[in-house]
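Here's the structure we're looking at; comments come further down.
Since we're looking at a predicted model, the values are computed, not measured.
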Amino acid sequence: MAEYDFPAELVEAQRAFLDAEAKLAELNALFPPPTAIAAGETSVPEGLRRAHDEVWAKQSRALDVLYGHERWKTIPREERFEARMQLRRAARGG
């Protein structure tokens, strides 16, 4: 298995993605039950919806960097999954 060096902006984008992923999980846990929303019994509070949209946008920007980065063109296609796992470990500090 090859070891890869990743540019700082790629590691930062992976960190931003993971941070956003965790924050979205926290926010999703605060949403009212979908069945209650569908039944018209409640709605998603505007502040929660706004916070969710902001974090979603942050995650989307990180994905643009992660998947659009030139570094991936230098890694053979069959090695990219392992390279992505190495990037995740690098972003987590391990």
Side-chain angles (χ1 to χ4, degrees):
M1 164 177 46
E3 289 293 320
Y4 297 98
D5 289 322
F6 297 103
E9 67 269 11
L10 201 50
V11 175
E12 284 304 313
Q14 182 66 61
R15 252 186 223 121
F17 175 84
L18 292 171
D19 290 347
E21 184 177 54
K23 185 63 177 171
L24 284 172
E26 291 173 13
L27 293 171
N28 287 338
L30 300 174
F31 273 64
T35 52
I37 295 170
E41 298 166 354
T42 190
S43 63
V44 178
E46 185 57 34
L48 179 57
R49 183 184 311 273
R50 197 173 322 109
H52 189 275
D53 289 348
E54 289 171 8
V55 177
W56 186 272
K58 177 182 176 183
Q59 188 177 48
S60 180
R61 287 189 301 274
L63 279 173
D64 287 344
V65 173
L66 284 171
Y67 285 96
H69 200 280
E70 292 294 314
R71 179 65 171 106
W72 299 115
K73 292 179 182 177
T74 68
I75 298 172
R77 186 172 301 277
E78 62 274 5
E79 296 177 20
R80 289 184 189 160
F81 176 78
E82 179 55 36
R84 288 189 188 282
M85 295 302 101
Q86 286 182 29
L87 176 60
R88 287 176 71 93
R89 287 190 294 274
R92 290 183 176 145

Output the distance between atom CZ (Arg61) and atom CG (Leu66), rounded to the nearest 0.5 Å.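 One finds 13.0 Å between CZ of Arg61 and CG of Leu66.
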In a table with atom names and distances, give each donor-acceptor pair under 3.5 Å that connects a side chain of residues 73-80 to protein atoms at least two apart or in another chain.
{"from": "Lys73", "atom 1": "NZ", "to": "Glu70", "atom 2": "OE1", "distance (Å)": "3.4"}
{"from": "Lys73", "atom 1": "NZ", "to": "Glu70", "atom 2": "OE2", "distance (Å)": "3.4"}
{"from": "Thr74", "atom 1": "OG1", "to": "Arg71", "atom 2": "O", "distance (Å)": "2.6"}
{"from": "Thr74", "atom 1": "OG1", "to": "Arg71", "atom 2": "NH1", "distance (Å)": "2.3"}
{"from": "Glu79", "atom 1": "OE1", "to": "Tyr4", "atom 2": "OH", "distance (Å)": "2.1"}
{"from": "Arg80", "atom 1": "NE", "to": "Trp72", "atom 2": "O", "distance (Å)": "3.1"}
{"from": "Arg80", "atom 1": "NE", "to": "Ile75", "atom 2": "O", "distance (Å)": "3.0"}
{"from": "Arg80", "atom 1": "NH2", "to": "Trp72", "atom 2": "O", "distance (Å)": "3.1"}
{"from": "Arg80", "atom 1": "NH2", "to": "Ile75", "atom 2": "O", "distance (Å)": "3.3"}

Nearest heavy-atom neighbours spanning Arg15 and Ala91: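 Closest pair (atom of Arg15, atom of Ala91, distance): NE-O, 2.9 Å.
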In the hydrophobic clustering that connects Ile, Leu, Val, Met, Phe, Trp and Tyr at side-chain heavy-atom distances below 4.5 Å, which members other than Met85 occupy its cluster, ordered by chain and number?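 Direct or chained contacts put Met85 with Phe81.
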Please identify which of these residues, Arg84, Arg89, Arg92, Arg88, meets the side chain to side chain contact (heavy atoms under 4.5 Å, CB included) condition with Gln14.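 Checked Arg84, Arg89, Arg92, Arg88 against Gln14; only one passes side chain to side chain contact (heavy atoms under 4.5 Å, CB included): Arg88.
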Solution key, residues 16-38 side-chain donor-acceptor pairs under 3.5 Å, sequence neighbours excluded:
{"from": "Asn28", "atom 1": "OD1", "to": "His52", "atom 2": "NE2", "distance (Å)": "3.0"}
{"from": "Asn28", "atom 1": "ND2", "to": "Leu24", "atom 2": "O", "distance (Å)": "3.2"}

Do Gln86 and Phe6 come close enough that some side-chain heavy atom pair is under 4.5 Å?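 Yes; the side chains approach each other to less than 4.5 Å.
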